[in-house]
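Data block below; observations after.
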Amino acid sequence: MLGLLGDLHADFGIMTDLIPKLKNVPITVIQVGDFGYYPDTHRGTVLSGTTLDYWPETEFPVYWIDGNHSWHPFLRGITEVTELKKNLFYVPRGSVLDLEGYRIGFMGGAESIDKFYQMKRGTWFSAESITQAQISLLWDRTDLDMLITHTAPTSIIRAHFPPLDLQEWGLPATWQDTSSQLVENLWNKLDNIPLFCGHFHKHIIDRACRILDINEFYTMDSKE
């Protein structure tokens, strides 16, 4: 079985609740970004550890990608799928994995509409944005069964969300959601294969794209 898990933002209680329900279930879980690997803080004071100290150990593998609300300095220089805790794997952009019989491409990253507020708090990093070089790692793949991204393709966003009020979010008039457009380009190049993402904290299914709500857990049968 393959499980897909929405944004967590370090709210790991959902996994604590899932563990007993998945006991003895052969499953692999993929988390679609904004996982919540941050410095550990308490009332604004940075402590010595990270939020991974609170991640519950699982008997099944969990793979996660970065989003826009990620502490990107922690991920800098990680170019291979890396086990950060037992059975917890970070998957860099452009990776391809064979999981539960599916060949899956991964592309984390997204643009922050709350960039202005994050910058004031020192939690915004330019590495959140997807680059064309990262997209090119999957561009010519003809063997993928599905795509895991954090943000949705532009066409899906336009179909289900009103235009952004840039002034409300403190963004310049020239702001563009370049990451979503790059995901759109890649998705079209891959013939619109099934795509799972998060980012919008809303449950949406449109064509072969499924946006997972925050903490949403969706399962599908293995292909094997």
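In what follows, every heavy atom counts, from backbone to side chain, and hydrogens, waters and symmetry copies are set aside.
There is a side-chain donor-acceptor pair under 3.5 Å between R207 and S155. Side-chain contact check for S180 and E111: no donor-acceptor pair (N or O, by modelled atom type) lies under 3.5 Å. Side chains of Y37 and D66: no donor on one and acceptor on the other come within 3.5 Å. Between the side chains of Q118 and H69, at least one donor N or O lies within less than 3.5 Å of an accepting N or O. Side-chain contact, Q181 with N185: a donor N or O sits under 3.5 Å from an acceptor N or O. Counting only N and O atoms by type, the side chains of S129 and S179 include no donor and acceptor under 3.5 Å apart.
In the hydrophobic clustering of ILVMFWY residues, with side-chain heavy atoms under 4.5 Å counting as a link, M1 and F217 come out together. There is no path of hydrophobic side-chain contacts, each under 4.5 Å, that joins I27 to F196.
Distance OH/Y90 to OH/Y63: 15.0 Å, rounded to 0.5 Å.
Applying the salt bridge (charged side-chain N to carboxylate O under 4.0 Å, His left out) test to pairs two or more places apart or on separate chains, those with a residue in residues 179-190 are D140-K189.
V32 has its side chain out of reach of L5: every pair of non-hydrogen atoms, C-beta onward, lies at least 4.5 Å apart. Within the 4.5 Å cutoff, side-chain heavy atoms of V96 are placed close to those of L144. Taking the side chain as every heavy atom from C-beta outward, L88 and L52 approach each other to under 4.5 Å. Counting heavy atoms from C-beta on, the side chains of M146 and L2 come closer than 4.5 Å. Taking the side chain as every heavy atom from C-beta outward, P39 and F74 approach each other to under 4.5 Å. Between Y38 and T50 the shortest side-chain heavy-atom distance does not fall below 4.5 Å. Contact check for Y54 versus D40: side-chain heavy atoms found under the 4.5 Å cut-off. With contacts defined as side-chain heavy-atom distances shorter than 4.5 Å, the pair I104/D145 does not qualify.
What you find for L171 and I113 is that their closest heavy atoms are CD1-O, 3.6 Å. Residues G67 and H150 come closest through the heavy atom pair CA-CD2, 3.4 Å.
The 12-atom threshold is not exceeded at CG of D221, counting heavy atoms of other residues, nucleotides or ligands nearer than 6.0 Å. Sparse packing is recorded around CD of Q176, with 12 or fewer heavy atoms of other residues, nucleotides or ligands lying under 6.0 Å away.
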Would you sort out whether W124 and F116 count as a ring-ring contact (aromatic ring centres under 6.0 Å, His included), showing the intermediate values? CA-CA 8 Å; W124 181 83; F116 174 76; over 10 Å; no
Trace of the side chain to side chain donor-acceptor pair (under 3.5 Å) decision for E216 with H203: CA-CA 8 Å; E216 180 180 349; H203 171 82; 3.0 Å; yes
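For an aromatic pair to be called close, the ring centres must be under 6.0 Å apart, and W55 with F35 satisfies this.
For Q134 (side chain) and M107 (main-chain N/O), no donor-acceptor pair under 3.5 Å exists by modelled atom type. No donor-acceptor pair closer than 3.5 Å links the side chain of S95 to the backbone N or O of R93. One N or O on the side chain of D165 and one on the backbone of Q167 form a donor-acceptor pair closer than 3.5 Å. K86 places no side-chain N or O within donor-acceptor distance of the main-chain N or O of T58, the cut-off being under 3.5 Å.
Because its NZ or CZ atom is both nearer than 6.0 Å to the ring centre of F161 and within 45° of the ring axis, K202 counts as a cation-pi partner of that residue. Both tests pass for R210 against the ring of Y218: distance under 6.0 Å to the centre and angle within 45° of the axis.
Contact check on D143 versus R103 returns a salt bridge, with a Lys/Arg side-chain nitrogen under 4.0 Å from an Asp/Glu carboxylate oxygen.
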Mind listing the side-chain donor-acceptor pairs of residues 8-21 below 3.5 Å, one per line with the distance, residues two or more places apart or on another chain?
| from | atom 1 | to | atom 2 | distance (Å) |
| --- | --- | --- | --- | --- |
| H9 | NE2 | H201 | NE2 | 3.1 |
| T16 | OG1 | F12 | O | 3.4 |

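Among N68, D7, T149, D34, the one residue that satisfies the side-chain hydrogen bond (donor to acceptor under 3.5 Å, both in side chains) test with H199 is N68.
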